[in-house]
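Some notes on the structure that comes next.
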Amino acid sequence: MPRPFSELADLCEKLESTTSRKEKIKLISDFLGKFGSEEADEAAAAANLLVGLSSGVRKLGINVGPATLYRALRDQQSVLSPLTPLTISEVWETIEKASSLTGKGVIDTRKALLSNLLNRAGEKERKWLTRILMGEMRHGVSVGILVESLAKYLNMPLEKVKAAEMVLGRLDTLVKNAVKNRLQETRLKLFIPVKPMLAEYAYSPDEIFEKLKPPIYLEPKIDGVRLQVHVGDGMVKVFTRGLKDVTESVPDIVKRVRQALKADSCILDGEGYCVDENGRPTPFQETMRRIGREKNVDEALKELSLRIKFFDIIHLNGEDLWQKPLEERRRSLEEAVAQPLINSLTVADNRDMVQEALETWTSMGYEGLMAKSPKSPYTPGRRGGYWLKMKKALSLDVVVVAAEWGHGRRRGWLSNYHLAVLDDRGGGFTPVGKTFKGLTDDEFRKMTQLLLGIAKSHEEWGVVVEPRIVVEIEFNEVQRSPTYPSGYALRFARIKAIRTDKQPEEVNTLSDIEKIYNSQRNPLGIQSY
DNA sequence: CGTGTCTGCCC
DNA sequence: ATTCTGC
DNA sequence: GCAGAATGGGCAGACACG
């Protein structure tokens with residue numbers, strides 16, 4: 001018997017109203033207990049809906065974004081009492097259906113499908129349906145809590161369930177298997193991608209040595225796209241960090257992997273990037289033009305060639321390696337592929353070596369470095385603190401020329417700032433990006449007052465202000481911009497300081513930006529094969 | 001057929 | 001992606 | 001230490017619209 005969607009909505013209400021982690025886990029495990037083993041599919045659907053669509057359950061998008069959803073909501077009739085109650089399966093299947101449609105008129109059809117769901121939902125159901133579609137659940141349940149709930153429900157050690165989740169990568173499959181009571185499978189499967197291991201931030205060599213014990217592995221960090229390559233049965237497949245299969249977009253990588261391969265089967269982890277005609281790595285934007293391309297790949301291939309450097313291996317010739325220490329995996333990596341496709345590695349036992357490596361590598365055009373513990377396992381989808389990333393950062397003084405009203409917890413504050421530099425050619429100030437990062441809540445409040453005091457005009461979205469407030473910005477790269485008239489935009493801009501001591505005339509200029517852009521073309525270059 | 005909007009997915 | 005906040 | 005919230009630039013592709 002299909003379960004009513006209202007049961008899920010009730011669960012969400014309860015989850016939202018408690019902040020206790022334990023309580024949430026109990027609520028979810030009790031909820032799972034209602035499903036018989038023949039209802040495993042519906043339990044899996046419930047899990048997908050429960051953690052929300054943007055939380056990484058469903059890597060394929062649903063092709064419904066805010067615009068479509070707002071239109072569907074606008075079409076709402078007044079609240080009618082639903083004739084036939086929505087079921088969990090039905091909601092999930094409708095979402096699947098709406099997402100899989102293609103062709104002329106789909107946008108209207110999708111909207112109609114959603115309107116229908118929303119119309120038949122009671123008030124509570126509608127609230128949660130909307131949140132599901134918006135991808136904003138705000139009930140404090142993510143994969144971690146669901147995994148703990150499953151452990152409680154199954155009465156199994158948490159570690160076992162965690163291992164299963166890491167390897168399966170998909171929450172719905174995990175729940176389905178759990179409800180069918182067969183959760184012993186923790187072996188990797190070729191051509192089923194697992195979530196890549198993630199890194200935490202480090203801001204100094206000191207911090208690296210606080211968190212990791214020497215010897216520490218250091219690797220140069222390429223500014224490209226994370227790629228997981230599966231090899232077996234003469235087949236090669238390539239997946240992105242979000243587990244999207246991009247094999248068809250990257251025939252050049254497939255070819256190079258085949259050439260360098262020394263093993264029958266393996267799963268490799270690395271970074272893909274483009275090189276120009278001279279073999280020099282291109283800016284990240286160029287790499288994206290290849291990774292994102294599905295049409296006319298052959299044409300793009302002539303212009304931009306993709307390369308890959310591997311830094312890890314989690315499966316080799318039938319054996320899973322992810323629980324083995326990194327030092328061992330590095331040896332396996334050398335057994336699996338030829339040297340030119342392996343990212344370089346140095347071992348550091350003091351802080352100076354870290355600083356030196358950072359400087360050398362960034363001057364060569366790398367994004368920064370990765371510091372890793374040689375003893376650490378590969379923890380799919382986890383940060384875990386075994387890997388640290390350290391990037392070079394640049395900084396500039398810019399002036400705030402406009403600000404947008406915030407939403408949610410930032411309602412009532414001007415929290416997103418338009419940043420401009422002096423246009424030393426055209427005159428005045430020209431925007432090079434926006435930021436909402438770096439200020440504390442208190443500073444947002446103060447900034448809001450300051451900006452309202454110098455407002456030139458009030459718009460629906462915020463205010464345009466006199467260019468008076470100077471902020472110091474940290475960022476990682478100057479990008480070419482097709483949207484800003486200046487032609488440039490700052491990547492990952494965040495506010496480091498409010499410079500009350502500086503005048504707007506003292507901020508950096510467009511020429512400064514251009515200089516940085518030109519200097520980013522790496523002088524020494526990365527060795528690419 | 002060209003342009004604009006929306007979405008997903010990279011970072 | 002990056003940052004801050006709250007549990 | 002984890003989860004969540006708020007929101008950045010930019011690319012390709014699919015449709016809508018004129």
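Note that the structure is a prediction, hence the values are computed from the model and not measured. By convention in this document, chain letters (A, B, ...) are assigned in the order of the sequence lines, proteins followed by strands, and residues within each chain are numbered from 1.
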Once you apply a heavy-atom cut-off of 4.0 Å, does [X] come out as touching a base, just sugar-phosphate, or nothing?
X: A:R138; answer: sugar-phosphate
X: A:A67; answer: sugar-phosphate
X: A:G385; answer: nothing
X: A:Y203; answer: sugar-phosphate

Partners passing ring-ring contact (aromatic ring centres under 6.0 Å, His included) against [X] (at least two apart in sequence or in another chain):
X: A:F239; result: A:H230
X: A:Y153; result: none
X: A:Y203; result: A:Y201
X: A:Y517; result: A:Y488

Output the rounded distance in Å from [atom1] ([X]) to [atom2] ([N]).
X: A:M137; N: D:dA6; atom1: CE; atom2: P; answer: 15 Å
X: A:Q228; N: B:dC9; atom1: CD; atom2: P; answer: 17 Å
X: A:E404; N: D:dG8; atom1: CD; atom2: P; answer: 6 Å
X: A:E477; N: B:dC10; atom1: CD; atom2: P; answer: 18 Å
X: A:R383; N: D:dA3; atom1: CZ; atom2: P; answer: 11 Å
X: A:E165; N: D:dC2; atom1: CD; atom2: P; answer: 14 Å

Quick check on contacts: within residues 428-443 of chain A, what sits under 4.0 Å from DNA chain C by heavy-atom distance?
A:K437, A:G438, A:L439, A:T440, A:D441
Contact list for DNA chain C against residues 386-395 of chain A - heavy-atom distance below 4.0 Å:
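Within this stretch, A:K389, A:K391 sit under 4.0 Å of the strand.
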Side-chain N,O ([X]) to OP1/OP2 ([N]) below 4.0 Å:
X: A:R409; N: D:dA6; answer: no
X: A:S415; N: D:dT7; answer: yes
X: A:T287; N: B:dC10; answer: no
X: A:T483; N: D:dG10; answer: yes
X: A:H407; N: D:dT7; answer: yes
X: A:N476; N: B:dC11; answer: no

So, A:W461 versus A:H407, ring centres under 6.0 angstrom or not?
no
Using distance alone, with no hydrogens and no angle criterion, decide if A:E367 and A:W361 have a side-chain donor and acceptor under 3.5 Å apart.
no
Contact nearer the 5' end of DNA chain C, comparing A:R410 with A:T19:
A:R410
In B/S/- notation, 5' to 3', how is nucleotides 11-18 of chain D contacted by protein heavy atoms closer than 4.0 Å?
SSSSSS--
Check A:S376 against A:S373 and note the closest heavy-atom contact, atom names and distance.
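Between these two residues, the closest heavy atoms are OG-O, 2.7 Å.
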For nucleotides D:dT7 and B:dC11, find the distance between their C1' atoms and express it as a whole number of Å.
14 Å
Report, one line per pair, each donor and acceptor closer than 3.5 Å where one atom sits in a side chain of residues 428-437 of chain A; sequence neighbours left out.
from, atom 1, to, atom 2, distance (Å)
A:K434, NZ, A:E404, OE2, 3.0
A:T435, OG1, A:K437, N, 3.2
A:T435, OG1, A:A493, O, 2.7

Listed by chain and number, what are the side-chain hydrogen bond (donor to acceptor under 3.5 Å, both in side chains) partners of A:T440, not counting sequence neighbours?
A:E443
Enumerate the salt bridge (Lys or Arg N to Asp or Glu O under 4.0 Å) contacts for residues 405-422 of chain A, please, sequence neighbours excluded, ordered by first and then second residue.
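Every salt bridge (Lys or Arg N to Asp or Glu O under 4.0 Å) pair that includes a residue of residues 405-422 of chain A, provided the two are not neighbours, is A:R409-A:D441.
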Among residues two or more places apart or on two chains, list those pairs meeting salt bridge (Lys or Arg N to Asp or Glu O under 4.0 Å) that have a residue in residues 292-302 of chain A.
A:K244-A:E294
Inter- and intrachain pairs under side-chain hydrogen bond (donor to acceptor under 3.5 Å, both in side chains), touching residues 379-389 of chain A, at least two apart
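Pairs touching residues 379-389 of chain A that pass the test: A:E165-A:R382.
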